[in-house]
Amino acid sequence: HRPWPGLIEAYRHRLPDARDWTAITLLEGATPLVPARYLSELTGCEVHLKVEGANPTGSFKDRGMTMAVTDAWTKGQRAVICASTGNTSASAAAYAARAGMTCAVLVPQGKIALGKLAQAVMHGAKIIQVDGNFDDCLELARKTTAEFTQIALVNSVNPVRIEGQKTAAFEVCDALGRAPDVHALPVGNAGNITAYWRGYCEYAADGTTDRRPRMLGVQAAGAAPLVHGAPVSNPETIATAIRIGSPASWNGAVAAKEESHGVFRAATDEKILEAYHLVAEHEGVFVEPASAASIAGLLAAHAEGWLTAGSTVVCTVTGHGLKDPATAIDGMVEVEAIPVDPVAVARALDL
Ligand code: F0G
């Protein structure tokens with residue numbers, strides 16, 4: 001038995017950029033593919049959750065970040081910058097800390113979940129709040145790196161990010177022994193759907209798998225440019241991670257949808273929150289609201305008859321629930337403290 005070496009080492013033969021790299025790694029990847037019994041019963045399919053919250057910083061971003069930070073380091077750059085709704089900044093901050101590099105993060109003011117901010121703080125990133133939304137932050141990061149080339153841009157517009165993230169599709173196929181029939185995931189800036197599709201295509205192209213899944217890309221209803229076919233200037237959703245109006249990987253997402261005979265759908269905040277509670281209460285998997293969008297989209301697709309009964313479905317849940325503790329405890333009912341007495345415990349439990 002060989003211990004997991006991190007995804008660059010594990011998939012180096014499928015990552016041409018990384019051939020000669022000494023990886024900056026937190027041993028990301030190899031996340032669990034958890035069978036989802038309750039969702040399977042609801043949909044009549046065999047549903048699995050790809051639990052990306054199990055990555056070192058609690059989101060799928062680590063797959064791209066080990067690549068982007070190693071690339072920057074190898075090129076001699078000693079500072080990285082990103083725009084972020086929170087997870088990219090948490091991941092960039094951690095990998096930069098690991099490499100001994102400076103990290104700057106541009107975040108939309110007041111619109112990033114507490115856990116993610118805590119991570120950037122703890123890893124010593126320079127946190128720059130911007131009076132604008134994610135799309136403004138990304139444009140600012142692009143302009144800054146165009147002018148100051150000693151700073152590496154580590155958003156998913158950096159092509160090595162997508163390369164790293166495609167390994168999640170490899171892991172899904174490796175775990176199932178085949179590709180799934182349907183793959184559902186939340187879509188914000190659209191790097192991840194682009195990456196998964198690339199991974200599935202590469203495995204199918206060399207015969208490792210015999211099929212490619214239909215891709216189901218789910219956006220929040222208030223931030224659904226791909227569903228509407230046009231950018232949204234004031235995106236709004238409780239799922240702050242995907243509060244994005246102008247996805248950078250627009251073309252990649254459209255290609256994934258079209259080539260896979262897939263679909264984009266929108267989920268309202270209400271449906272996202274329902275799915276958020278459902279997956280925590282019935283599957284024991286606590287994800288952040290944006291991640292629950294994939295579950296909401298899956299349930300809607302099932303209700304509309306889009307899913308074929310008996311299909312194998314993988315739902316990527318992109319980030320850990322602890323990223324956003326405020327949304328989790330928002331609905332909590334305040335209860336009075338009880339005396340130190342077993343009878344009082346029994347009474348509280350209605351026994
Ligand atoms: N889910 C979570 C938890 C995310 O943080 C993101 C993106 C997505 C889904 C969407 O992925 O952008 O590749 O389509 N978060 C970025 C960030 C934008 O800054 O952390 P995508």
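Quantities reported herein were computed from a predicted structural model and do not represent experimental measurements. In listed order, ligands and their atoms are each counted from 1.
Using a non-hydrogen distance threshold of 4.0 Å, Pro186 registers as a contact of ligand 1. Note on ligand 1: Ala190 sits in its first shell, one or more heavy atoms being nearer than 4.0 Å.
Ionic pairing of Glu304 and Arg265 is present here: one or more N-O contacts between side-chain nitrogen and carboxylate oxygen are shorter than 4.0 angstrom. Using a 4.0 Å cut-off between a side-chain N of Lys or Arg and a carboxylate O of Asp or Glu, Glu147 and Lys143 do not qualify as a salt bridge. Residues Asp181 and Arg211 are paired through a salt bridge, judged by an N-O separation under 4.0 Å between the basic side chain and the carboxylate. Between Arg37 and Glu283, no side-chain nitrogen of the basic residue sits less than 4.0 Å from a carboxylate oxygen of the acidic one, so the salt-bridge criterion is not met.
Heavy-atom proximity to Ile242, at under 4.0 Å, picks out these atoms of ligand 1: 8 (C), 9 (C), 10 (C). With ligand atoms numbered from 1 in the order given, ligand 1 contributes 14 (O) to contacts under 4.0 Å with heavy atoms of Val187. Close approach of ligand 1 to Glu288 is summarised as follows: ligand atoms under 4.0 Å from at least one heavy atom of the residue are 3 (C). Ligand-side atoms of ligand 1 in range of Gly191: 13 (O), 14 (O), 21 (P), range being under 4.0 angstrom from any heavy atom. Under a 4.0 Å criterion applied to the non-hydrogen atoms of Ile244, ligand 1 contributes the atoms 18 (C). Close contacts of ligand 1 with Thr85, meaning ligand atoms under 4.0 Å from a residue heavy atom, involve 15 (N), 16 (C), 17 (C), 18 (C), 19 (O), 20 (O).
The closest protein non-hydrogen atom to atom 5 (O) of ligand 1 is Asn87 ND2, 2.8 Å. Ala241 CB, 3.6 Å is the protein heavy atom nearest to atom 4 (C) of ligand 1. The nearest heavy-atom contact from the protein to atom 20 (O) of ligand 1 is Thr88 N, 2.8 Å. Looking only at protein heavy atoms, the nearest one to atom 11 (O) of ligand 1 is Phe60 CZ, 3.4 Å. Of the protein's heavy atoms, Asn192 N, 2.8 Å lies nearest to atom 13 (O) of ligand 1. The protein heavy atom nearest to atom 15 (N) of ligand 1 is Lys61 NZ, 2.9 Å.
Judged by distance alone, the side chains of Ser59 and Thr318 never bring a donor and an acceptor atom under 3.5 Å apart. Gln77 and Asp71 form no side-chain donor-acceptor contact under 3.5 Å, judged by distance and modelled atom types alone. Between the side chains of His183 and Thr316, at least one donor-acceptor pair of N or O atoms lies under 3.5 Å.
When the heavy-atom distances from atom 10 (C) of ligand 1 to Gly188, Cys82, Ser89 are ranked, the shortest goes to Gly188.
Close N/O approach between Asn189 and ligand 1 is found [any backbone or side-chain N/O within under 3.5 Å]. In terms of polar-atom proximity, Thr318 is counted as a contact of ligand 1, with an N or O under 3.5 Å from an N or O of the ligand. Considering backbone and side-chain N/O of Ser84, one or more are found under 3.5 Å from N/O of ligand 1. Polar contact with ligand 1: absent for Gly319 (N/O pair, distance under 3.5 Å).
A pairwise comparison of heavy atoms in Val130 and Leu140 identifies CG2-CD2, 4.1 Å as the closest pair. The shortest heavy-atom contact between Ala292 and Ile272 is CB-O, 3.6 Å.
A cation-pi arrangement is present between Arg14 and Phe170, with the terminal nitrogen or guanidinium carbon under 6.0 Å from the aromatic centre and inside a 45° cone about the axis.
Taking the side-chain hydrogen bond (donor to acceptor under 3.5 Å, both in side chains) definition, one finds that Ser311 meets it with nothing, sequence neighbours left out.
To the nearest 0.5 Å, atom CZ of residue Arg161 and atom SG of residue Cys82 are 8.0 Å apart.
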